[in-house]
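Structure, as structure tokens:
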Protein chains: 2
Amino acid sequence: MQEYEKIFRDFLKRRGLKLTEPRKLILDAAFSVHHHFTVEQLFRLVKAESSLVSLATVYRTLPLLIEAGLLQQSMRSSSRDSFEHILGHPRHIHWICETCGAVIESDLDEVKPIVESDAERFKFELREIKLNVIGLCWKCKQSENNLQ
Amino acid sequence: MQEYEKIFRDFLKRRGLKLTEPRKLILDAAFSVHHHFTVEQLFRLVKAESSLVSLATVYRTLPLLIEAGLLQQSMRSSSRDSFEHILGHPRHIHWICETCGAVIESDLDEVKPIVESDAERFKFELREIKLNVIGLCWKCKQSENNLQ
DNA sequence: AGACTTTTTGAGAACAATTCTCAAAGGAGT
DNA sequence: ACTCCTTTGAGAATTGTTCTCAAAAAGTCT
Ligand SMILES: [Mn+2]
Ligand SMILES: [Mn+2]
Ligand SMILES: [Zn+2]
Ligand SMILES: [Zn+2]
């Protein structure tokens with residue numbers, strides 16, 4: 001059994017919930033993608049495996065996966081939320097290109113201690129750091145220069 | 001004339017657009033609030049001044065105010081975007097309490113240089129740093145402890 | 001001022017992402 | 001098999017946002 005399955009199973013048990021077939025399919029689909037995905041994309045993946053699962057169940061299962069600490073909502077672009085699994089894949093910075101939508105990732109190592117000490121100062125119980133940087137990726141910057 | 005009005009007027013002129021009465025009312029409303037507001041809240045403020053302005057025009061004017069550098073979209077909570085004016089009010093960190101929704105702000109001074117040097121390394125043209133920290137404010141942390 | 005052109009507007013329809021409803025099905029314990 | 005929950009699919013409903021379009025307003029030129 002995959003580690004993520006064990007984690008989800010335990011989480012559900014603690015809540016008095018069951019790891020049903022639809023939930024299992026959604027879980028596996030979420031861990032079969034190694035980049036960001038939207039609800040729609042996740043739904044299509046699940047449907048490819050078994051057309052039995054409904055979109056409503058995908059929407060219902062997502063918050064459970066997040067509460068279990070397996071997934072994170074990482075960005076929002078073109079009015080859709082993007083998710084990604086975070087097991088063994090710590091939270092990170094997202095560099096989002098305004099022009100082409102490309103997303104680069106980099107680690108939070110340098111930023112984290114600063115935020116943590118601020119949190120201590122504010123007596124704020126830190127649960128999640130969400131750092132998104134908006135701008136122009138090098139490719140788009142280049143082609144913009146070429147136009148001029 | 002307020003500085004923000006001059007900035008908006010100039011911005012509109014550059015675009016061949018006009019500072020009309022509805023746009024002026026929306027602009028003033030946005031600068032009459034000194035905290036975060038949703039579209040709905042801005043609309044209600046404008047309507048209080050003059051019931052002539054429509055919600056569609058508020059939606060149409062918001063991106064103009066943002067492009068003019070007067071407003072920023074700062075957070076998203078309970079599926080609504082929050083905005084705030086940023087004239088003479090640099091971008092900052094938002095500390096968002098998961099329980100009560102309270103938002104604390106703090107400056108980006110320590111984080112900014114780190115992100116800037118990363119940007120240089122990635123040849124990324126940085127336009128905006130969006131740093132939101134999710135967790136528990138000290139009040140909610142306290143009352144959570146008292147329950148146990 | 002009048003004619004012409006372009007921009008802007010309000011009202012409501014349309015749209016799209018998400019949530020809700022509800023009756024049927026499933027599962028664990030007895 | 002009976003009871004008591006939980007879960008589900010399907011589609012309706014909701015909600016934030018965008019679009020459409022005809023009318024009004026604001027220039028511009030004469
Ligand atoms: Mn990521
Ligand atoms: Mn703010
Ligand atoms: Zn790009
Ligand atoms: Zn709180």
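Within every chain, numbering begins at 1; the chains are lettered A, B, ... in the order of the sequence lines, protein sequences first and strands thereafter. Because the structure is predicted, anything quoted here is derived from the model rather than measured.
- Phosphate proximity of dT8(D) to Arg23(A): present, with a side-chain N or O under 4.0 Å from OP1 or OP2.
- The separation between Arg15(A) atom CZ and dT6(D) atom P is 13 Å, rounded to whole Å.
- The shortest distance between the side-chain N/O atoms of Tyr59(B) and the OP1/OP2 oxygens of dT18(D) is not below 4.0 Å.
- Ion pairing of Lys13(A) with Asp10(A) is absent here, as no side-chain N (NZ or NE/NH1/NH2) approaches a carboxylate O to less than 4.0 Å.
- Residue Arg80(B) contributes atom CZ, which lies 15 Å from atom C1' of dA17(C) at whole-angstrom precision.
- Ring geometry for His85(A) versus His34(A): interplanar angle over 60°, hence perpendicular rather than tilted (30 to 60°).
- When each of Ser78(A) and Leu12(B) is assigned the nucleotide of DNA chain C with its nearest heavy atom, Leu12(B) is the one assigned upstream, toward the 5' end.
- Listed pair Thr20(A) / dT8(D) meets the phosphate criterion, a side-chain N or O lying under 4.0 Å from OP1 or OP2.
- Between the side chain of Arg76(B) and the base of dG16(D), no donor-acceptor pair under 3.5 Å is found.
- Around atom CD of Glu128(A), more than 12 heavy atoms belonging to other residues, nucleotides or ligands sit under 6.0 Å away.
- Checking dT8(D), dG16(D), dA26(D) against the side-chain heavy atoms of Lys18(B) singles out dA26(D) as nearest.
- Looking at the side chain of Arg60(B), the nearest of the listed nucleotides dT18(C), dT9(C), dA17(C) is dT9(C).
- Closest contact between the side chain of Leu55(B) and the listed nucleotides dG27(C), dT7(C), dT17(D) involves dT17(D).
- The nearest whole Å value for the distance from the NZ atom in Lys13(B) to the C1' atom in dA26(D) is 14 Å.
- We find that CD1 of Ile66(A) is positioned 14 Å from C1' of dT18(C), with the value rounded to whole Å.
- Here dA25(D) presents its P atom at 17 Å from CG of Leu19(B), a figure rounded to the nearest Å.
- Between Phe43(A) atom CZ and dA17(C) atom C1' there is a gap of 14 Å when expressed in whole angstrom units.
- Across dT9(C), dC19(D), dT7(C), the shortest atom-to-atom separation from the side chain of Ala56(B) is found for dC19(D).
- One finds no salt bridge joining Glu40(A) and Arg80(A) here, because no Lys/Arg side-chain nitrogen approaches an Asp/Glu carboxylate oxygen to under 4.0 Å.
- Put simply, CG on Leu17(A) is 15 Å from C1' on dG26(C), counting in whole angstrom units.
- Rounded to whole Å, atom C1' of dA16(C) lies 13 Å from atom CG of Asp81(A).
- Between Glu21(B) and Arg23(B), none of the side-chain N atoms (NZ, or NE/NH1/NH2) sits under 4.0 Å from a carboxylate O, so this pair counts as no salt bridge.
- With the nearest nucleotide of DNA chain D identified for both Glu40(B) and Glu21(B), Glu40(B) has the one nearer the 5' end.
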